[in-house]
Amino acid sequence: MKRYALFGSVLFLAAVLHAQAPSVADGGVLNAGSFAKDASGHGSPVAPGSLVAIFGSFPGATLADFDSVPFSTSLGGLSVTFNGIPAPLRNVVPTGAFPFINAQLPFGVLPGTANVVVKMNNVSSDPKPIPVAAAAPGLFTIPATGQGNAVLVYVDTDGVAKIAAPANANIGYPTAPIPRGQAGFFYATGLGVMTPPIDDGKGGLEPPLTTHFATTPTVLIGGITAQVQFAGQAPGYPGVNQVNIIVPNGAPTGNAVSLQVRTADGTVTSTAGATVAIR
């Protein structure tokens, strides 16, 4: 009887450990700005250095957000690797309808296919392959779905920094349509490797303070090409890109004018859905 009880306890413990193993959903690694998916509903390719959202099951992890830069590679009781390279972690949300981890895809992950693994309590998830591209632009919006008002910031004529959104928008920040010909900047991710290089998770807070892309992306506002004054690391925000532009004088006006980013070689354009208000 004692041997049977011991054997049963071992089986029960093994079952518990198996049930608590983390897992990554099929196609569950998405651009954290656009959340772009392919025709099958899986995450579209993501780019080295970009901020990604990893969806899956992470039982036993704790709700956690980064508290300093550089980002740590361990947060909320778990860690993440891509092709064995530790990923800096921004936050962990292990509960709710869609548990997720926000992480920076390491710059050392080359285009092609990468295996993502989540490890918790010395138990690793099964490797899940994901597609990686040299660049995969996605814009940050409010709400954070990639479908809505882009976070395009400018200083209005009253001296107040505002987001280029309808004047009556209730998004928690001062808003007003941006004038044509006005300078501003917006946030994106997935625009590729920068020069000079920047370390994973550091966010450009150490010299050199200005790091940009080897080739400048194209910005389209209402289909009209905007002048790009700078495109590179958003200081202090690992995985986030800052793009400074001047709104074209010929841009259309309205409360929901499309904003898109295209790679310098013209091969990849951010998904439709991000908009800005222009006057």
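Here the structure is a predicted model, which is why all the values come from computation and not from measurement. For this chain, numbers begin at 1 and follow the sequence in order.
- Counting only heavy atoms from C-beta outward, the side chains of Val132 and Pro48 approach each other to under 4.5 Å.
- Counting heavy atoms from C-beta on, the side chains of Ile54 and Phe100 never come closer than 4.5 Å.
- Considering every non-hydrogen atom in both Phe107 and Gly49, the closest pair reads CE2-CA, 3.4 Å.
- The aromatic rings of Phe55 and Phe98 sit perpendicular to each other, their planes meeting at more than 60°, with 30° as the lower class boundary.
- Judged by distance alone, with hydrogens and angles left aside, the side-chain atoms of Thr263 form a donor-acceptor pair with the main-chain N or O of Val268 at under 3.5 Å.
- Side-chain atoms of Arg262 and Thr269 form a donor-acceptor pair, as typed in the model, at a separation below 3.5 Å.
- Between Lys202 and Pro88 there is no side-chain heavy-atom pair separated by less than 4.5 Å.
- Tyr187 and Phe71 fall into different hydrophobic clusters, where Ile, Leu, Val, Met, Phe, Trp and Tyr residues are linked whenever their side-chain heavy atoms come under 4.5 Å apart, directly or through other members.
- In this structure, Val257 and Thr275 have side chains that are not in contact, with every pair of non-hydrogen atoms separated by 4.5 Å or more.
- Counting heavy atoms from C-beta outward, Val240 and Thr189 have side chains that stay 4.5 Å or more apart.
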| message | Apply side-chain contact (heavy atoms from CB on, under 4.5 Å) to residues Leu63 and Val93 and explain how you reach the verdict. | response | CA-CA 5 Å; Leu63 180 69; Val93 181; 4.0 Å; yes
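- Note on Leu259 and Val228: same hydrophobic cluster, where clusters join Ile, Leu, Val, Met, Phe, Trp and Tyr whose side-chain heavy atoms are under 4.5 Å apart, directly or indirectly.
- Taking 4.5 Å as the limit, some side-chain heavy atom of Val261 sits within range of a side-chain heavy atom of Leu191.
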What side-chain donor-acceptor pairs closer than 3.5 Å can you find for residues 146-164, not counting sequence neighbours?
unit_1	atom_1	unit_2	atom_2	d
Gln147	NE2	Ala272	O	3.0
Asn149	ND2	Ala164	O	3.0
Tyr154	OH	Asp156	OD2	3.4
Tyr154	OH	Ala176	O	3.1
Tyr154	OH	Pro177	O	2.9
Tyr154	OH	Arg279	NH1	3.4
Asp156	OD1	Arg279	NH2	2.9
Asp156	OD2	Lys162	NZ	2.9
Asp158	OD1	Val160	N	3.0
Asp158	OD2	Lys162	NZ	3.0

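- Asn115 and Asn83 are not linked by any side-chain donor-acceptor pair at a separation below 3.5 angstrom, with hydrogens and angles left out of the test.
- Both Leu105 and Val24 are part of a single hydrophobic cluster, where members link through side-chain heavy atoms under 4.5 Å apart.
- Criterion: ILVMFWY side-chain heavy atoms under 4.5 Å apart, direct or through other members. Under it, Met194 and Val219 are part of a common hydrophobic cluster.
- Val123 is listed as a side-chain neighbour of Pro22, based on a closest heavy-atom distance under 4.5 Å.
- Hydrophobic clustering, with ILVMFWY side chains joined whenever heavy atoms are under 4.5 angstrom apart, keeps Phe230 apart from Leu139.
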